[in-house]
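Report on the structure given below.
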Amino acid sequence: MQLSPAGAVMRPDINARARDIESLSRDLVRVLDDAGHAVGPWHPHLDPADLQVGLRHMLLTRLFDDRMQRNQRAGKISFYIRSLGEEAVSVASGMALRPGDMLFPGYRNQGLQIVRGISLVDLMCQCLSNTRDMCKGRQLPVMYHSRPGNMFSISGNLATQFPQAVGWAMAAAIKGEDRLAATWLGEGSSAEADFHHALLFASVYQAPVILNVVNNQWAISTFQGYAGGEQRSFAARGPGYGIAGIRVDGNDFLAVYAVTQWAAERARTGAGPTLIELVTYRAAAHSTSDDPARYRAKNDQEHWPLGDPILRLKQHLIALGEWSEERHQAMAAELEALVATSWKEAVSFGTMTEGPRLNADLMFEDVFKEMPEHLQKQRALMRAERK
Amino acid sequence: MQLSPAGAVMRPDINARARDIESLSRDLVRVLDDAGHAVGPWHPHLDPADLQVGLRHMLLTRLFDDRMQRNQRAGKISFYIRSLGEEAVSVASGMALRPGDMLFPGYRNQGLQIVRGISLVDLMCQCLSNTRDMCKGRQLPVMYHSRPGNMFSISGNLATQFPQAVGWAMAAAIKGEDRLAATWLGEGSSAEADFHHALLFASVYQAPVILNVVNNQWAISTFQGYAGGEQRSFAARGPGYGIAGIRVDGNDFLAVYAVTQWAAERARTGAGPTLIELVTYRAAAHSTSDDPARYRAKNDQEHWPLGDPILRLKQHLIALGEWSEERHQAMAAELEALVATSWKEAVSFGTMTEGPRLNADLMFEDVFKEMPEHLQKQRALMRAERK
Amino acid sequence: MASMNMIQALNSAMDIMLKKDPSVVLMGEDVGYFGGVFRATEGLQRKYGEQRVIDTPIAEGGIVAAAIGMAVNGLRPVAEIQFADYIYPGFDQITSELARLRYRSAGEFYAPVTIRTPCGGGIRGGQTHSQSPEGIFTHVCGLKVLMPSNPYDAKGLLITAIEDDDPVIFFEPKRLYNGPFDGDPTKPAVPWSAHPKGQVDEGYFTVPLGKADIVRPGGAVTIITYGTMVFVAAAAAATMNLDAEIIDLRSLVPLDVDTICSSVRKTGRCVVAHEATRFSGFGAEILSIVQEECFWDLEAPIQRVTGWDTPYPHAFEWEYFPGQARVAAALKAVMELT
Amino acid sequence: MASMNMIQALNSAMDIMLKKDPSVVLMGEDVGYFGGVFRATEGLQRKYGEQRVIDTPIAEGGIVAAAIGMAVNGLRPVAEIQFADYIYPGFDQITSELARLRYRSAGEFYAPVTIRTPCGGGIRGGQTHSQSPEGIFTHVCGLKVLMPSNPYDAKGLLITAIEDDDPVIFFEPKRLYNGPFDGDPTKPAVPWSAHPKGQVDEGYFTVPLGKADIVRPGGAVTIITYGTMVFVAAAAAATMNLDAEIIDLRSLVPLDVDTICSSVRKTGRCVVAHEATRFSGFGAEILSIVQEECFWDLEAPIQRVTGWDTPYPHAFEWEYFPGQARVAAALKAVMELT
Ligand SMILES: Cc1ncc(C[n+]2csc(CCOP(=O)(O)OP(=O)(O)O)c2C)c(N)n1
Ligand SMILES: Cc1ncc(C[n+]2csc(CCOP(=O)(O)OP(=O)(O)O)c2C)c(N)n1
Ligand SMILES: [Mg+2]
Ligand SMILES: [Mg+2]
C-alpha cells in the first residue's frame, strides 16, 4: 500500500478545481507521525478538549461494540456488526460536520450515532427489537435512524444511501440552505451502481455533498482488489468524474477531521462535492455471522501499518501533556459502567426471549401512511391466528 | 472544447501502465491536419487501398442512411436513426479490428454492419420487418445482429451491451482465445449503471475489451454536460478505474483507426482494457421521431470544429494523389445505385403496407428454445382471432 | 372547463402543482429545456426555472435515488421515466428503498415521490417502447399504483398523487395521449375534444385514490379493466349489444374491492382485461379477489383478456394487442354463448 | 445414495457439472475462495481454479451482465445472488436482456445463464434477508423459474437448469437448507438425514422442468404449494387428519397445469400456499388458472395462504410467516368446516 509520511501532503485552497488537485487522490493525508506528533499543513489545531471528546467517543464506540458482540453471543440479540479499528472514520468525520448536516451512514458507522448523541439505550433497544425499538421491530440490529439527529435510516441494501445523499444535497441547494449531506459506504459496496450514480449526479449538479468510501480492505471474504482497489485508489474515481478525490489515513483522527472539514468547507462555499477514501482496516469479523479465519490469515492485521486509531490519538494527547494512562483508565471504567447501566435499562424494555414484547399489530403500520383495507383485513386474520 | 493540434499527442508503448498515460484521457489524438496531411506518432501508415475502402464504407453508410431516412418519411418503415457525421467512429474502428473480434454495437453504429459486410438487403429487410427480417419482425428498425458477422444483437435498452461485452471478453480469456470484444455507447448512455459495471469488471479482470464512448455532444435534447462531460472528459473515467483512457478526434479516420489498433494490441497482448472517447458530432436529428430545432441552434453544427469525416479522408487521399473528384463522383454514383437496387430487392420481400407479410405465428417462437404449452395455447387463440 | 388531451391535462396538473407548492419539482430525461419526448412538461422549465424542472442524466436508477433524497429533504419530486420499458434500472431504488423507507424507519422518514411513466403499445414502438409492467409494482408493498384512461382522471389523479405522502407509480397509457382508442387501428383517430372526459377543469381538482370509475353501468356482465383497454372493452361489449357494466379501476393499489365485488355480485359474470402479459399479470390478482369474494355469485368462470406472454413484437402489434376480437371471445365464453 | 442437506446437494450438482462440462463456470459475491456465505460453493474453487469459480465485485447488475456476455461466448455461468433480496440491482439485465435476447435476435443469440439465489424467511434475517420475489420473475416472459423444497430436487433441478439453454432463476428456500421445517420454530430442528428426500444420488441425475411432484396423494382437497410451505402445509393437513393431496410445484415456469388441474378435478377443493406476499403474488396466477380450468369442479372458493402484504419484520417473524395456523384456517374454510 502506498503510504505518504505524516505531514507530506499539500493542503490546497478549499476552492481549488478538482482537476488541479488530482494528486490528493493518490497520496495519503496523514497528520499524526509515529511519535504521536501532529505535523504538516493538514494539522487541524484542535483544542485539546475537543481531542478528549473525540477520544471518548471512539472509546465509547468500541466498548459499546464489545458489549453488543457479547450480548449477541449470549443470544440476547440476533445479529451484530462491530466497527473495531474503524472508530476514527466515523467519530472524526462526524465531529467535523455541523449538527444540521444530514448524515447517510452505512451499517458500520455507529461512531456517528455516538457523536450525534443518540443514547446508548436507544441504540440497544433497536438491536433488541424491543418495546422501545425506534424501528418498531422491523429492522435487523444496527439499522438505526434519527430524524432529530439528522441521521438517515440505514438500509440493509448496500450503497443505496450514496445517491440518496446526493439528492438530499441537491434539494438543500435548491432550497438555498447551507446544510450539506455526508454519506459513507464500504469499498466493496462502491462496486454497486449507486456509487456511480452518486458521483455522476454530484458532479453534474455540483451538489454540496461529501461521499466517503471506507476502505477497510475487506468485503466479507473478498479483498478490496475485487472492487477495483488494486488498479487504482478509490479516491481516484472522483477526478474521473470531475470531482475532488482525496485519500486519507482513516486511523488518524486528526487527518480524518482535517480532510472532512476541508471537504465540508468546499461544499458549503459552493466549491462542489468531494469523494474521500478513508484507508482503514476491518479488525473484527464482518459480522457475528462471519468467521474470517476461513479467508484471511489470523495475523493479517499485524501487517497493518496504520495502527489503532484510539491508541494513536491517546498517544498524541499524552504527548501534548493533555492526557495520561490514569485518566484513560478512569474514562474506560466510567464508559464501561455507562454501557453496563444502559444495557440494564435497555433490557428492561424487553429482549428477544424475556420481558415485554412489541405488539405484532405494528407489523401492519407504516407500510403506507394510512393503513389500507387489505392490510386491516390481514391484521384481523393475524390476530385471529394468534388466539 | 479542448483540441490538440494534429500530431501533437504522444503514442505510448502498447503495454504502458494506465496510470502512466493519463494525459491521453485529456488530450485529443488527431492525425489529419487542416491541409489533409497525416502527421505525428499516431499516423497508422495505411495502404492507400485501405483508405479507399474506408472512404467507400463511410460513403455507403451515409447514402444508406439518407435513403432509409427518405423511406421512413415515405411511410415505408416505422422509424430510423442516422449516423450522419459519425461515420468514421464506426468504420475506422471496425476496420482496425479482426473479423473474429466480437462487436457489441449501439443503434448508431451502422458503419460496423457495413464494414462487416452485412448485405444492405439484410439491413433493409430488418428495417422493413418483412419476410426476410433477421429479427422475424420482433425489433424496431436498426436493431440488427449477425452471428456469422460476430455482431451482437442491438438492444433498445441503452448501455446494457457495455458490461455484456466485458463478460464476453472475460470468457475469451478464460477459454484462452485471443479474440477481443469491442463495444460502443453514446456519451449520454454512459450515465447508466452498465457503464460503471463495464469499467469495473474490465479493470478487476483485466478483460481484453475495448470500451468506446461515442461523444457526439447530444443525447436527444440534452448536451453532454448532463452526462458529466463538462467537468471532465469521458475518457478520464478510465484512469479513475485503473484502465487506460484515451480521447480521439472521432471525425479523423486515421486517428480513430490508429487508436483502436493500439487498444486492440493492448487487449490482445494482455495489457488490459481501454476506454476510448470518440469526439464527434450528431449532425442529424436524434431519430426520425425527433426535431432538434426545439433544443439546439440550427447553425450549432457550423461551430463544430472537427468537420466531416468523409470530406477529411477524401481530402487526404487527394493530397496523397490517390483520389480525385471524378473518382469520388463515380463511387458515389455506384453506391447510390447499389442502395437503390438493394432497396428494390428488399421491398420485394414485403413492406409494412404491401407485399408478403411474416406469419404472425412467429410471435410465439424464441421466447423459449421450445414453445411451452401456454404459448402454444395462446398461439391457437391468436389464430382463431384472426379468422 | 377546457378541452384537453391527456398530455395537456398532465401538463396542467404539474403546472398547477408547481405554482401551488414550492416543494414540487419535476425531473427526468429531456423533461426540462425540451419539455419531454411526449411534451408532457412543455414550457414548465421556462415558467419555473431550472431549479424546479430539472434535466437529468440518462440513469433511471440515479433519478429515482436522487428523487428519494430530495423528498427526504422536503421536496415533492415528480420524476418522469421516459418509457415504462426503461424503469427497470431504477427497480432496486424503487423496491428496496422508495417502497420501504417509511416502514423501516417506523414512519420517521418517508419519500413522497411520484414516478410518471408512459406505458402500453399500439404506437409501433416494438418490444422496448410498449411494455405494461404495472403488475410487478402492484406486488411491491408500499407503493401506490395508478393508471388513468382519460385526460380528466389523468389530471385529477396526478394532482392527488403529487400531494400524497406515499410513493406513487403513475402509468400513462401512451396510446391514449391523443384520443380514446377502441382497438381498431384502421379507424380514423378520434381526438379527446370529441369525448366528455376530454373536458377538463383548468383549475385545481383531485380524483381520489382507490376509487374505481363505473364507466358504464350494466347488469349482464362485469368487465374490470383499466388503461388502454377501457375503450376497447366498451366497444366490444357495445358491438355485441351486451348490457355490460364496465369498471375502470384507475387505481390498482389501493384497489376498490367494494365496487368490483358489488358489481360482480349483481351480474354474476366477470371479465378482467388488461394490455399487459397474462401470466402473473395484475389480472390474476383481480380474478383471485373476485373468486374469493364472489365465488357463490359466479355463474361462469371469470375470463381474462390480456396481451400474450411474449415481448411486444414490432411487426405483429395488432395480432399481439388484446383487441375487440379477444374481448368478444371472452364475453362469449362468460355469457356461455358458445 | 448419500445423505445430503440442501447445501451439500447444490454443491454436488455444481461439482458434477463443473467436472462434466468445461463451459460451466460459477460466479458471485464470496463464492470463490470463501465458498459462499451459505457454503454452497465450498471447495469448488480449490478444485477447479479461479477461472471456473469466480469471486466478483459486489454488483448484482454487473454479475448478471457479465454472465450474459460469458454465456454468449459459449460458457454456462451459474451466478449466485447472495440473497434474493439483493437481486433487484440486476433486474434490468435479467428482464430487458437475459429474458429477451433469444427473442429479439430470432434465436441467433441466447444466454444459458442460471441464477441461484437463497430466498424466504424463518432465519431472523429481517426485511432484507427474507424476501420471496419469485412472483415477479414469473411475470417476465422468457425466464424459467424454479424453487426446490428438498435436497434431491435441488440437485436434480439445478443440473437440469445448468444444462437448459434458456435462462433459469433458481430460488433456494434458505430455511430448508439444513432440514425440512413444518413451520413450528419451537420444535427441535429436524436434519435432512432423517428425511427420504435427504437421500441423494451422488452421481449425475436430473429432475425434469415443468413437472410438479405429488408429495402426498389424497382425495379431500388439493394443496398447491412450493418451497418452504411444502412441509408446513403437509403438517397442517396431517394435524387436521385431512386426506389432502399435496402438490409441490418445484417449477413455477413452466408450470405443470395438468397435474394441478387433474388433482383439483378430483378433489373439488383447492388451497394455494406460498411464503411470498399475497397481493399479485404467484398464488394469484395459480388460483386464476385453477378457476379458469376447473371452475365447474370447484365445490368451494379456492383459498390463498401467503405472507402478509408487508415487509418481513425482524421482530414478528412468526406472526408474519404463514404457519400451520394460517394453513389450517384456509383448509377449514375450503372444507366448509366453519
Ligand atoms: C445489494 C446488496 N448486495 C449484497 C449484500 C450482502 N452484503 C452485506 S455486507 C457485504 C460486504 C460489504 O463490504 P464493504 O462494502 O466493503 O463494507 P464493510 O463490510 O467492509 O464495512 C455484502 C456483500 C447486501 N447487503 N446488499
Ligand atoms: C434505459 C434507457 N433509458 C432511456 C432510453 C431512451 N433513449 C433512447 S436514445 C436516448 C439518448 C441517448 O443518447 P446517447 O447515449 O448520447 O446516444 P446518441 O443518441 O447520441 O447516439 C434516450 C434517452 C432508452 N432507450 N433506454
Ligand atoms: Mg470493506
Ligand atoms: Mg450522444
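Chain letters run A, B, ... following the sequence lines, proteins first, then strands; residues in each count from 1. None of these values were measured; they are calculated from a predicted model.
- Taking each heavy atom of D/Glu108 and B/Pro148 in turn, the nearest pair found is OE1-CD, 3.8 Å.
- Contact annotation for B/Leu375: neither backbone nor side-chain heavy atoms come within less than 4.5 Å of a heavy atom of chain D.
- Residue contact with chain D, scored on non-hydrogen atoms closer than 4.5 Å, is absent for B/Val166.
- Interface remark: B/Glu365 contributes backbone atoms only to the contact with chain D (heavy atom separation under 4.5 Å).
- Nearest heavy-atom pair, D/Gly62 versus B/Phe201, reported as atom, atom and distance to 0.1 Å: C-CZ, 3.5 Å.
- Residue contact with chain D, scored on non-hydrogen atoms closer than 4.5 Å, involves the side chain of B/Met102 exclusively.
- Of the two parts of B/Ala172, the backbone and the side chain both hold a non-hydrogen atom closer than 4.5 Å to a non-hydrogen atom of chain D.
- Between the side chain of B/Asp366 and the backbone N or O of D/Arg102 there is no donor-acceptor pair closer than 3.5 Å.
- The shortest side-chain heavy-atom distance between B/Ser153 and D/Tyr110 does not fall under the 4.5 Å cut-off.
- Residues B/Phe152 and D/Leu101 are in side-chain contact: their nearest non-hydrogen atoms beyond the backbone lie under 4.5 Å apart.
- Listed options D/Met70, D/Arg100, D/Met27, D/Lys144 were ranked by heavy-atom pairs under 4.5 angstrom with chain B; first place goes to D/Met70.
- You'll find the side chain of D/Asp165 stays beyond 4.5 Å of the side chain of B/Phe368, heavy atoms only.
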**Request:** Test side-chain hydrogen bond (donor to acceptor under 3.5 Å, both in side chains) on D/Glu97 and B/Ser155 and set out the steps.
**Result:** CA-CA 8 Å; D/Glu97 297 294 311; B/Ser155 176; 2.7 Å; yes
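- The part of B/Asp194 that comes within reach of chain D is its side chain, from C-beta onward, which places non-hydrogen atoms under 4.5 angstrom from that chain.
- Proximity of B/Lys175 to D/Ser23: side-chain heavy atoms (C-beta onward) are nowhere separated by under 4.5 Å.
- The part of B/Leu200 that comes within reach of chain D is its side chain, from C-beta onward, which places non-hydrogen atoms under 4.5 angstrom from that chain.
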**Request:** Go through the steps to decide whether B/Glu373 and D/Asp258 satisfy the test side-chain contact (heavy atoms from CB on, under 4.5 Å), and finish with yes or no.
**Result:** CA-CA 10 Å; B/Glu373 264 175 33; D/Asp258 294 347; 4.0 Å; yes
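- Contact check for D/Phe109 versus B/His145: side-chain heavy atoms found under the 4.5 Å cut-off.
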**Request:** Test salt bridge (Lys or Arg N to Asp or Glu O under 4.0 Å) on D/Glu292 and B/Lys377 and set out the steps.
**Result:** CA-CA 14 Å; D/Glu292 287 159 346; B/Lys377 212 174 131 187; over 6 Å; no
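- Heavy-atom distances place no part of D/Asp164 under 4.5 Å from chain B, backbone and side chain included.
- When each of D/Leu75, D/Val72, D/Ile68 is scored by its heavy-atom pairs under 4.5 Å with chain B, the top score falls to D/Val72.
- Looking at B/Gln139, its side chain never comes within 3.5 Å of a backbone N or O of D/Ser105 through a donor-acceptor pair.
- Of all non-hydrogen atoms in B/Trp168 and D/Asn73, the two that sit nearest each other are O-ND2, 2.9 Å.
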